[in-house]
Structure formats: structure tokens, C-alpha cells
**Student:** 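First the structure, which I've put down as C-alpha cells, then a few questions once you've had a look.
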Amino acid sequence: MNSLYNKDLLDLTELNKEEFLDILHTAIDMKNNREKYSEVLKGKTLIMIFEKSSTRTRISFESGMYRLGGNAIVLDSKNTQMGRGEPILDTANVMSRYADAIMIRTFSDEMVKELATHASIPVVNGLTDGHHPCQILADFQTMLEVKGSLEDLKIAYIGDGNNMAHSYILGSAILGINVSIATPTAYQPQEEIVKKAMKLAEKSGATIEITTDPFVACKDADFIFTDVWASMGSEHEQNEREKAFQTIYQVNDELVKVAKSDYHFMHCLPAHREEEVTSSIIDGEHSLIYQEAENRMHAQNALLYKLLIA
Ligand code: CP
Ligand code: NVA
């Protein structure tokens with residue numbers, strides 16, 4: 001039995017290095033051998049709950065399930081009894097009787113934990129305020145495709161110390177990738193997550209750097225990442241965030257000069273061109289954004305395959 005069978009993925013700390021790499025290699029195999037996997041989730045149903053907007057997550061999970069012979073049900077929580085206050089306890093128990101896995105995109109990590117505690121089927125975090133593990137699986141799969149290995153790499157993340165920053169820090173710490181995060185002082189990643197990552201890095205050998213200087217972060221980087229300045233749920237802070245981030249925390253032609261000459265740019269999307277990244281970079285020759293978006297589906301398929309098939 002594979003060690004991920006019937007587990008949850010609430011954040012990346014639930015994966016050890018071997019499991020993480022196994023998902024990435026399986027994702028690449030699934031991408032290259034579609035027929036081989038076309039019925040592996042036959043008869044399986046994934047329930048997807050959305051309390052925040054989505055394009056990629058919704059489509060990649062739904063298409064992905066069909067690609068593996070399974071089925072997906074998409075729920076907008078407002079139109080379910082959850083939206084009218086039905087307890088998570090009952091929701092989790094009932095869904096576990098109908099389906100084989102739950103994917104949820106919501107605000108609170110605590111709520112997802114509660115859902116997972118009461119569900120007898122795997123629960124996958126499709127983005128919370130704190131984490132976006134599925135995105136990192138896709139991003140690291142893309143890095144593996146491009147480089148052939150994840151050894152001796154440095155990644156830089158520029159912008160808000162948000163769910164993406166947290167997930168890059170944790171993912172890198174598990175896999176032994178050197179990571180440097182540059183954010184304004186008031187928007188640094190949560191200390192508790194950095195501490196957890198430092199502990200994981202002791203084992204993997206990763207270095208973790210938290211700075212306020214994007215030029216320090218991008219120095220000799222193999223991959224540069226950024227994300228929106230105001231995430232879902234923080235849109236009302238857009239103006240004050242623009243003041244804090246403007247120009248300094250933007251991936252542009254000047255900044256990338258300090259990275260390796262064959263650096264790659266990645267962004268989870270959606271992106272705001274000319275805010276966190278200039279068009280010259282996101283639409284330029286070093287950008288991998290569409291390969292990265294495609295890999296959401298393959299990485300998640302590999303994850304679901306591991307969680308659902310013993
Ligand atoms: N990157 C990502 O999660 O995209 P969506 O918000 O469109 O799902
Ligand atoms: N940090 C962004 C990621 C979107 C995929 C958000 O949470 O809105």
C-alpha cells in the first residue's frame with residue numbers, strides 16, 4: 001500500500017520528501033501516458049467546495065477527474081446547507097457517504113482541519129488563507145520538467161507573505177531547495193510557518209532566507225515567483241497594499257538581471273500585469289506560466305491517484 005493512501009493534504013508538511021517526489025514523478029508519467037491512466041479512478045467521485053473564486057483549480061480538478069475515468073461534483077457553498085450554517089461535523093459525515101474525496105477552497109485553515117477530522121475520506125486543500133499546496137505540486141513538477149532534477153536549485157519569491165509564500169517555504173524546506181522570500185516588513189510570512197520550515201530544512205539541507213530586499217532574494221535564483229499584492233479576501237486593502245509594494249516588489253527587467261541568466265519566471269495566476277510583474281517578464285521568453293497552469297491538472301491527478309488507490 002502506498003503511504004499516501006486515504007490521507008489528507010491540508011498543507012505540505014503532510015508529505016515527506018519521498019512522497020513529494022513520488023507525486024511529482026507520477027504526475028509527469030500521467031502527463032506523458034494519458035491512456036495508461038484513463039480508468040484508474042473509474043467509479044470515484046470528488047466533491048469540490050468553493051467559498052472563493054477559481055478558474056484553474058475548478059477546471060483542472062474537474063477535467064482531471066474525467067481524464068482518470070472518475071467524476072467531480074462542484075458546489076458553491078452558498079448554495080448548500082453549509083451556507084445556511086449546517087455544522088461541519090454533519091457535512092463531513094454525509095459527504096463521506098456519497099463520495100471518495102473532498103477538495104475545498106475556503107478562508108480558514110481551521111475549518112478545513114475540522115472538515116478533515118470528521119470526514120472519513122481524503123480532504124485536499126484547494127487554497128486557504130494560509131496554504132496552497134496543490135499549486136506548489138504543479139510548480140515543482142514544472143521545475144522538475146525544466147531542470148530534470150530539483151537538486152542544487154535556488155528559488156526566489158517576491159511580494160506578499162501569503163498562502164503562496166508559506167507553501168513555497170514549506171515545499172522547499174521538505175525537498176532541500178534553497179528559498180529566499182522578499183516582502184515588505186509588514187507583510188512577512190507567518191513566523192510559525194517559517195519556524196516549522198527551518199526545522200524541516202535541518203533534515204533536507206535547504207537554506208531559507210527572509211528579507212525585505214528583492215535584489216537579495218533574486219540573486220543567482222534559478223526560478224523567480226511572485227503573486228498578487230492583495231489576495232482573495234484582502235481586496236479591500238488594495239490601495240494601502242499598492243503603497244507598500246509599489247515598484248519595489250515588482251518582478252521587472254531590472255530585478256531579473258541579478259538572477260541566473262537562464263532563470264525562469266513563474267506565477268500561480270491570476271496575475272496583475274504591471275503590478276507584481278511587468279508584461280515584459282510574464283509574457284517574455286523566461287516565463288513558464290502556461291506550462292505551470294497545465295501542470296495543476298497533472299500534479300493533482302497524481303495526488304488523487306495516490307490518495308484514492310491503495
Ligand atoms: N492558481 C490558482 O489557484 O488559480 P485559480 O484561483 O483560478 O483556481
Ligand atoms: N494568493 C492568491 C493566490 C490565488 C491563486 C490568493 O489567495 O488569492
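If you read the sequence from its start, that first residue is 1, and numbering goes on from there. The model shown is predicted, which means the values in this text are computed figures rather than measured ones. When a ligand or atom number is given, it counts from 1 through the structure's own listing order.
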**Student:** If you measure only the distance, is there a donor-acceptor pair under 3.5 Å linking the side chains of Q135 and D139?
**Tutor:**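 Side chains of Q135 and D139: pair found under 3.5 Å.
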
**Student:** With a 4.5 Å cut-off on side-chain heavy atoms, are M30 and Y305 touching?
**Tutor:**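 Yes, close enough: below the 4.5 Å cut-off.
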
**Student:** What atoms of ligand 2 come closer than 4.0 angstrom to any heavy atom of N162?
**Tutor:**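 By the 4.0 Å cutoff, the relevant atoms are 1 (N).
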
**Student:** What's the shortest distance from atom 4 (C) of ligand 2 to any protein heavy atom, and which residue and atom give it?
**Tutor:**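 For this ligand atom, the closest protein heavy atom is L127 CD1, 3.8 Å.
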
**Student:** Parallel, tilted or perpendicular: which one describes the rings of F245 and W229, with boundaries at 30° and 60°?
**Tutor:**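 Because their plane-to-plane angle is under 30°, the rings of F245 and W229 count as parallel.
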
**Student:** Any idea which atoms of ligand 2 are less than 4.0 Å away from a heavy-atom of L269?
**Tutor:**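 Those of ligand 2 that fall under 4.0 Å from L269 are 5 (C).
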
**Student:** Is there any N or O on D227 that sits under 3.5 Å from an N or O of ligand 2?
**Tutor:**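 Between D227 and ligand 2 (N or O atoms, distance only) the closest approach is under 3.5 Å.
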
**Student:** Does the N or O separation between S231 and ligand 2 drop below 3.5 Å for any pair?
**Tutor:**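 S231 vs ligand 2: N/O contact under 3.5 Å present.
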
**Student:** Is there a donor-acceptor pair closer than 3.5 Å between any side-chain N or O of N71 and the backbone N or O of M65?
**Tutor:**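 No, the answer is negative, given that no donor and acceptor are paired below the 3.5 Å cut-off.
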
**Student:** Any side-chain to backbone donor/acceptor pair from T226 onto I158? Under 3.5 Å, distance only.
**Tutor:**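 Judged by distance alone, yes, a pair lies under 3.5 Å.
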
**Student:** Return the residue, atom name and 0.1 Å-rounded distance of the protein heavy atom closest to atom 7 (O) of ligand 2.
**Tutor:**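 Checked against all protein heavy atoms, atom 7 (O) of ligand 2 sits closest to N163 ND2, 2.8 Å.
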
**Student:** In the protein, what heavy atom is nearest to atom 8 (O) of ligand 2, and what distance, to one decimal place, separates them?
**Tutor:**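 For this ligand atom, the closest protein heavy atom is M232 N, 2.8 Å.
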
**Student:** Give a yes-or-no answer on whether the side chains of Y249 and D160 include a donor-acceptor pair shorter than 3.5 Å.
**Tutor:**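 There is no such pair between these side chains.
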
**Student:** Between ligand 1 and the protein, tabulate every N or O atom pair separated by less than 3.5 Å, reporting distance only.
**Tutor:**
{"unit_1": "ligand 1", "atom_1": "1 (N)", "unit_2": "Q135", "atom_2": "OE1", "d": "2.9"}
{"unit_1": "ligand 1", "atom_1": "1 (N)", "unit_2": "C268", "atom_2": "O", "d": "2.9"}
{"unit_1": "ligand 1", "atom_1": "1 (N)", "unit_2": "L269", "atom_2": "O", "d": "2.9"}
{"unit_1": "ligand 1", "atom_1": "1 (N)", "unit_2": "R296", "atom_2": "NH1", "d": "3.4"}
{"unit_1": "ligand 1", "atom_1": "3 (O)", "unit_2": "T57", "atom_2": "OG1", "d": "3.1"}
{"unit_1": "ligand 1", "atom_1": "3 (O)", "unit_2": "R105", "atom_2": "NH2", "d": "2.9"}
{"unit_1": "ligand 1", "atom_1": "3 (O)", "unit_2": "H132", "atom_2": "NE2", "d": "2.9"}
{"unit_1": "ligand 1", "atom_1": "3 (O)", "unit_2": "R296", "atom_2": "NH1", "d": "3.0"}
{"unit_1": "ligand 1", "atom_1": "4 (O)", "unit_2": "R56", "atom_2": "NE", "d": "2.9"}
{"unit_1": "ligand 1", "atom_1": "4 (O)", "unit_2": "L269", "atom_2": "O", "d": "3.4"}
{"unit_1": "ligand 1", "atom_1": "6 (O)", "unit_2": "R105", "atom_2": "NH1", "d": "2.8"}
{"unit_1": "ligand 1", "atom_1": "7 (O)", "unit_2": "T55", "atom_2": "N", "d": "2.7"}
{"unit_1": "ligand 1", "atom_1": "7 (O)", "unit_2": "R56", "atom_2": "N", "d": "2.8"}
{"unit_1": "ligand 1", "atom_1": "7 (O)", "unit_2": "R56", "atom_2": "NE", "d": "3.2"}
{"unit_1": "ligand 1", "atom_1": "7 (O)", "unit_2": "R56", "atom_2": "NH2", "d": "3.0"}
{"unit_1": "ligand 1", "atom_1": "8 (O)", "unit_2": "S54", "atom_2": "OG", "d": "2.7"}
{"unit_1": "ligand 1", "atom_1": "8 (O)", "unit_2": "R56", "atom_2": "N", "d": "3.4"}
{"unit_1": "ligand 1", "atom_1": "8 (O)", "unit_2": "T57", "atom_2": "N", "d": "2.8"}
{"unit_1": "ligand 1", "atom_1": "8 (O)", "unit_2": "T57", "atom_2": "OG1", "d": "2.7"}
{"unit_1": "ligand 1", "atom_1": "8 (O)", "unit_2": "R105", "atom_2": "NH1", "d": "3.3"}
{"unit_1": "ligand 1", "atom_1": "8 (O)", "unit_2": "R105", "atom_2": "NH2", "d": "3.3"}

**Student:** Non-hydrogen atoms of D129 versus ligand 2: any pair closer than 4.0 Å?
**Tutor:**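 Per 4.0 Å heavy-atom rule, D129 does not contact ligand 2.
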
**Student:** Where on D160 is there a heavy atom closer than 4.0 Å to ligand 2, on the side chain, on the backbone, on both, or on neither?
**Tutor:**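 Neither; no heavy atom under 4.0 Å.
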
**Student:** Are D152 and K147 close enough for a salt bridge, meaning some N to O gap below 4.0 Å?
**Tutor:**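 A salt bridge is absent here (no side-chain N lies under 4.0 Å from a carboxylate O).
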
**Student:** Is the ring pair H131/H166 parallel, tilted or perpendicular, if the boundaries are 30 and 60 degrees?
**Tutor:**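 Taking H166 first and then H131, their aromatic rings sit tilted (interplane angle of 30° to 60°).
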
**Student:** So how far is it from S3 OG to N16 CG, rounded to the nearest 0.5 Å?
**Tutor:**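 Rounded to the nearest 0.5 Å, the OG-CG separation comes out at 6.0 Å.
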
**Student:** Do NZ/NE/NH1/NH2 and the carboxylate oxygens of D129 and K52 come within less than 4.0 Å?
**Tutor:**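 Salt bridge: yes.
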
